[in-house]
Number of protein chains: 2
Amino acid sequence: MDIKTTCLAILSRGDASGYEIKKTFEDGPFCHIQDAGFGSIYPALGQLRDDGLVTVTEMSQNGRPGKKVHAITPAGRMALVDALAEPSVPDRFRSDFLFRMLFAHLISPNHLEATIEARLSDLREAVVRMENCACSNTIEPSEKFVNGMGLSVYRAMIDYIEDHKIELIGATLLAGAAQ
Amino acid sequence: MDIKTTCLAILSRGDASGYEIKKTFEDGPFCHIQDAGFGSIYPALGQLRDDGLVTVTEMSQNGRPGKKVHAITPAGRMALVDALAEPSVPDRFRSDFLFRMLFAHLISPNHLEATIEARLSDLREAVVRMENCACSNTIEPSEKFVNGMGLSVYRAMIDYIEDHKIELIGATLLAGAAQ
DNA sequence: AAACACATATATCGACTTGATATATATTTG
DNA sequence: CAAATATATATCAAGTCGATATATGTGTTT
C-alpha cells in the first residue's frame, strides 16, 4: 500500500502528528505488516494537505517543538475508501535469515547454530508481544484477525525451525567434512 | 541482504547473465524470500566487476543480443563468505492484504469476501508450486529447509484464513448494519 | 547537581530501490 | 503469417530508506 493511503488510514483512526504516525508503525497494529520512515511520512503528509485530504493544526506547546496535528477530511475519507477498493498488490516477504540458510554450507557450524538460535529467540519474543497485544481490552475484530494471523505464522516458523534445525546443521557438518 | 552480495551468492551456484540472475529471483529457490529488478542488478554487477569480485565474458551469439556471462572470482567467494558471517538483519514482511483486512469495515462485504477468496487462491497456488519444487530430483538440504519453511508458513496462513474468514466478514456486516 | 541517556518532535539529504520504458531479436502459438 | 512471448541489456524518474541535524523535556545515575 502506498504511503499516502497508509497515512490516511492511520488518520482515519484518530488525529496524529508525523511522529505519532511513525510510532504507530513501530508499536501499533501495523507493526508486522507495514513500515515507513520520516523521509516518506513528512512528504506524504505535505501532499495530502496540498490535496485537501488532511488538515494541519499547529499546536505549539510550552517549550517543546510545535506538534503538527493532522486530521483527515471528508474528501480524505472518500479517497481512503476508494483506495481500499482497488485490487491488492501481492505480499512481499524479504528474509535475510532464510537467504543465509540457503548458503548454510558457507557459514561455520558454530555461527550457523548461533544464527538459528538468535532467530528463534527473536520469533519467541515477537509471539509474546503479540499475545500481550491480543489480551488488551478493546480489540476490534479486524485487529484480532490480523493479530491472530501473525501469531499463527510466527508459531509455524518456530515449530518448523525447532523440528528441522538439527537436520540442517548436521547436513552442513557432513558437507564440511567432505571437502 | 544487499544486492551485490545476493548477486555473488547466485553466481556462487554457477555462472549467469544479468537476465538469468533476474529469472532466479522469479523462479529459483529465492523467489519467496528475495527480489531485485534490472535497475538494481546491472549496476551491482558493474561494481562487482570493478572490484574484481566477478569476471565478465561477452558471448555474442548469432543474431541475439550478446549475453554477458558473469563468473565469481576467488576474491568474490571470500567476499561472499565474509558477508554471510555478518549478523543478519531482521526479516521484513509487507502485506497489502492484511493492511486492507485491518480496514475491513471500510470495504463492501462482497468485495471483502472476493479479496479473501483471491488471497486464498493465490496462497494455494504458491503451495502447489513449492510442493512441485520440493519433489524435483536433486534438492540440497539447505534448499529443502527453506522450501519446507515456506510451505509451513503458507499452510498456516491458509488454515488461519479458512478458520476465521466467516468471523471477520460477519463482524463487518454487523458494523455496517449498526451505522 | 551535573552528566547522561532517552523520549518527543520536525525536517532533510544522499544513496539506493522500484517499476516502467526503450531497444533488438528469436521462438512459439493461434 | 501475425501476434505474443521469451531472451537480453540498459536507463530513468519517482519513490523509499537510513542516517543525520536540530531542539527540548524527562528520567536516571554517579
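Small disclaimer: the values here were computed from a predicted structure and weren't measured. Naming: A, B, ... by sequence-line order, numbering from 1 per chain.
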So, does [X] get its side chain near the phosphate of [N], meaning an N or O under 4.0 Å from OP1 or OP2?
X	N	result
B:Lys22	D:dT9	no
A:Arg94	C:dT18	yes
B:Lys23	D:dA6	no
A:Ser17	C:dT8	no
B:Tyr19	D:dT9	no
A:Lys67	C:dT8	no
A:Tyr42	C:dA11	no

Pairing of [X] and [Y] as salt bridge, 4.0 angstrom limit:
X	Y	result
A:Glu162	A:Arg124	yes
A:Lys165	A:Glu117	yes
A:Glu167	B:Lys144	yes
B:Arg92	A:Asp96	no
A:Lys22	A:Glu26	yes

If I take atom [atom1] in residue [X] and atom [atom2] in nucleotide [N], what distance separates them, rounded to the nearest angstrom?
X	N	atom1	atom2	answer
A:Ile3	D:dA14	CD1	P	17 Å
B:Asp2	D:dG18	CG	C1'	14 Å
A:His70	C:dA11	NE2	P	8 Å
A:Glu26	C:dC6	CD	C1'	14 Å
A:Arg92	D:dC17	CZ	P	9 Å
A:Ile21	C:dT8	CD1	P	15 Å
A:Ile41	D:dC17	CD1	P	10 Å
B:Gln34	C:dT17	CD	P	11 Å

Most 5' of A:Phe38 and A:Met1 on DNA chain D, judged by nearest nucleotide: A:Met1

Sugar-phosphate, base or nothing in reach of B:Gly39, heavy atoms under 4.0 Å: base

